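All remarks here apply to the structure that follows.
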Amino acid sequence: MIEALAVILIIVLLSRLFEEITGVPIIIPVIVLSFLFGYFLPEIFHITPELFDEVLIMLLPIILFPEVINFSVKEFKDNFDSIFYLAFLGVALEIVIGVFIIYFFFNNYHLSIGAIACLLAPLMATDAITVTSMAGKFNLPERLRIVAEGESLFNDATAIIAFFFIALPLFTKGDIGILDASVVLIKVFVFSTLIGISVALIGYILLKTLRDPIEQFSAAYLVAIFAFLIADKLHYSGILSILVSLMFFRVLIDKEIRKGFLFQQEFQRALEQSQEECKQDTKNILLRIIEKIQQILLKIPALSSVTFRTYRKEAIYVAVFANAILFTLIAQLADLELFKKYWIEIAVVFILTTVIRFLLVYGLKFLKGFPFRWINALTFSGMKGGLALIMIHSLPDNFVYKDMFETIVLGVVFLSIFIYTGVLMVYLNIHRKEFSKDKLEEEMCIPEDILLKDLEEVIEKDPITGIYNRIKFEEILNYEIQRAYRYKTPLSLVLIEFVNYEELREKLGEQQLNNLLIQLRDIVKQDVSILDPIGRIRENVAAILTINKTIEDDLSVVNKIKNDFDKFAQNLGLELKMCFAIASYVEGDTPDLLIEKAEDALERAKVRNCSVVGIAI
């Protein structure tokens, strides 16, 4: 086993190096290297098909945990209709359409409707971590990314329910009534959801009693594991219970973190009140302050945003490690002789499922107005994963075509991973400008005539201030983070929020406000190094990326900008309320996590009425 561990670590290390050099998402080299090592060194990873199922079930909560816990519940609600169409209704339609077509193509095998449904249902499950990794690596519009990631999470649950509660009973019993099927589906959905919510509540209560980060991290994983175990033991959907439990757990954690900001505000008010009382009566001052602090400390949250970010970051590393194990084991199931024997059937099923998926995704063009390039991107984001193999292994051993079904599913999984991923990467690179334009329209609401006037310029620059827009700034941020990681150099993100932006818009009007922004831009430009990129990441928020500077250097720059802003405001007779925050990069921070750190620091500064600079290290 020590050799297997060494190989897994080598795979992860080589994959990270490959990602740094080429920019290819880490999960792709992990899959390729894992398969190659697993196939050519079978003696290290020898495993039986039965043990494979058990190991994969063990890995499922670990693999799904970072995908769900990083998925925003608010974003899910905002895009629920598109996700529901693809992950629930779309899966059902794909299976129904596919059954009738394959019944025609495979008529020489004399397969029943139930058998064909058992072949197709596993192929509806997609690999969430591959999809998320691809979506996060390219600068896609937020709405497209949310729909792709949401579908990849929830169609796993739909596929499992369709296989175990519809297709498999139909195959073994030969018939199942529509009413019976409906009752089963409702029962599975309701009880799996209730199990997920109950486990999340218990996990949240446990989390509240713990203070050690490692204990809290373990408790968070136990939520996913026990949700799956309980639902599976009661013969409901373990995957659905994992998704529900972790999403509800995320809701509870978000409330806990917001409570942290409220705690800071209440703590600040208590201190200010105590100072007022001190001026009025100097007797028993210390006692009163201690009493107030004790009252507030009872409300202090168990989890901070910093701790939660750390969990999410570590969970991603654990999931990559788990995927390396998964695909080395999948390689053990590959049989070249069976692939040669059934290559036509594999190709037919792969092409058929791809075409049906495209046609169903194309429905979003009419339902939600998705552009054609989004349709293509969503079509090729349907990479299959190891979950399909668990389902197909569950077919009865006495089924005469079990070997053929397992080979077809395994072949389609491999083809989807390599062909879909390759096509998607090429397609996203070719249409990079168009996707950037989509994201710019989505975030900045810039009129199309301005976009078309000079697309190259607009893609990089904010049309009002001339500094980098969010798209280009995030691209630079991603590059600088890779450089900081490689060379171990300091990197910080400074945010400046124009708090009374809307108030001044009403007072001055749009044109004068734009002129004011340009003047403020000039002040920032003269106070920062020419090497430090400046961007406008929201309508009222600017960002500065400070390179090779200590936190003390950053504070010095921020204080200089603050002083210059104050002088400028006094000269104009205006009240400019600006809030500042600094977030330092630490190894493992992604662009999203670094921005989130800075945003949290900004919130803490706003709690203090912007009288201090928020700092996150």
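None of these values were measured; they are calculated from a predicted model.
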Would you indicate whether the side-chain heavy atoms of [Y] and [X] approach each other to under 4.5 Å?
{"X": "Arg143", "Y": "Trp374", "result": "yes"}
{"X": "Asp335", "Y": "Thr407", "result": "no"}
{"X": "Leu395", "Y": "Leu168", "result": "yes"}
{"X": "Thr489", "Y": "Arg483", "result": "no"}
{"X": "Lys488", "Y": "Glu587", "result": "yes"}
{"X": "Leu123", "Y": "Phe350", "result": "no"}
{"X": "Leu424", "Y": "Met383", "result": "yes"}
{"X": "Ser82", "Y": "Leu364", "result": "yes"}

Go through the steps to decide whether Thr379 and Tyr420 satisfy the test side chain to side chain contact (heavy atoms under 4.5 Å, CB included), and finish with yes or no. CA-CA 9 Å; Thr379 298; Tyr420 280 14; 5.7 Å; no
Which heavy-atom pair separates [X] from [Y] by the least distance, and what is that distance?
{"X": "Leu243", "Y": "Ala157", "value": "CD1-CB, 4.0 Å"}
{"X": "Leu206", "Y": "Ala219", "value": "CD2-CB, 3.9 Å"}
{"X": "Ile11", "Y": "Ser15", "value": "O-OG, 2.7 Å"}
{"X": "Ile146", "Y": "Ile83", "value": "O-CD1, 4.0 Å"}
{"X": "Gly98", "Y": "Ile116", "value": "O-CG2, 4.5 Å"}
{"X": "Phe248", "Y": "Ala200", "value": "CD2-CB, 3.6 Å"}

Before you tell me yes or no, could you show the steps for Ile160 and Leu240 under side chain to side chain contact (heavy atoms under 4.5 Å, CB included), namely the whole-Å CA-CA distance, both residues' side-chain angles and the distance that decides it to 0.1 Å? CA-CA 9 Å; Ile160 284 221; Leu240 182 58; over 6 Å; no
Rounded distance [0.5 Å steps], [atom1] in [X] versus [atom2] in [Y]:
{"X": "Thr126", "Y": "Leu153", "atom1": "OG1", "atom2": "CG", "value": "8.0 Å"}
{"X": "Asn155", "Y": "Leu387", "atom1": "CG", "atom2": "CG", "value": "9.5 Å"}
{"X": "Phe370", "Y": "Arg373", "atom1": "CZ", "atom2": "CZ", "value": "12.5 Å"}
{"X": "Lys384", "Y": "Leu410", "atom1": "NZ", "atom2": "CG", "value": "14.0 Å"}
{"X": "Glu151", "Y": "Phe84", "atom1": "CD", "atom2": "CZ", "value": "13.5 Å"}
{"X": "Phe76", "Y": "Glu149", "atom1": "CZ", "atom2": "CD", "value": "13.0 Å"}

Check for me whether the distance between the ring centres of Phe165 and Tyr236 falls short of 6.0 Å. no
Establish, yes or no, whether a centroid distance under 6.0 Å links the rings of Tyr401 and Phe405. no
Side chain [X], main chain [Y], donor-acceptor under 3.5 Å:
{"X": "Lys402", "Y": "Ile392", "value": "no"}
{"X": "Ser192", "Y": "Ser237", "value": "yes"}
{"X": "Asp589", "Y": "Val586", "value": "yes"}
{"X": "Ser416", "Y": "Val413", "value": "yes"}
{"X": "Lys365", "Y": "Phe372", "value": "no"}
{"X": "Asn478", "Y": "Glu474", "value": "no"}
{"X": "Arg357", "Y": "Leu378", "value": "yes"}

Neighbour count >12 (heavy atoms, 6.0 Å) for atom [atom1], [X]:
{"X": "Phe399", "atom1": "CZ", "value": "yes"}
{"X": "Tyr85", "atom1": "OH", "value": "yes"}
{"X": "Tyr221", "atom1": "OH", "value": "yes"}
{"X": "Lys233", "atom1": "NZ", "value": "no"}

Before giving the answer on side chain to side chain contact (heavy atoms under 4.5 Å, CB included), spell out for Phe171 and Phe163 the whole-Å C-alpha distance, their side-chain angles and the decisive distance to 0.1 Å. CA-CA 10 Å; Phe171 170 63; Phe163 180 84; over 6 Å; no
Parallel, tilted or perpendicular for [X] and [Y], by the 30°/60° rule?
{"X": "Phe414", "Y": "Phe339", "result": "perpendicular"}
{"X": "Phe435", "Y": "His431", "result": "perpendicular"}
{"X": "Phe106", "Y": "Tyr109", "result": "perpendicular"}

Between Tyr585 and Leu493, is the side chain to side chain contact (heavy atoms under 4.5 Å, CB included) condition met? List the steps. CA-CA 8 Å; Tyr585 166 79; Leu493 177 64; over 6 Å; no
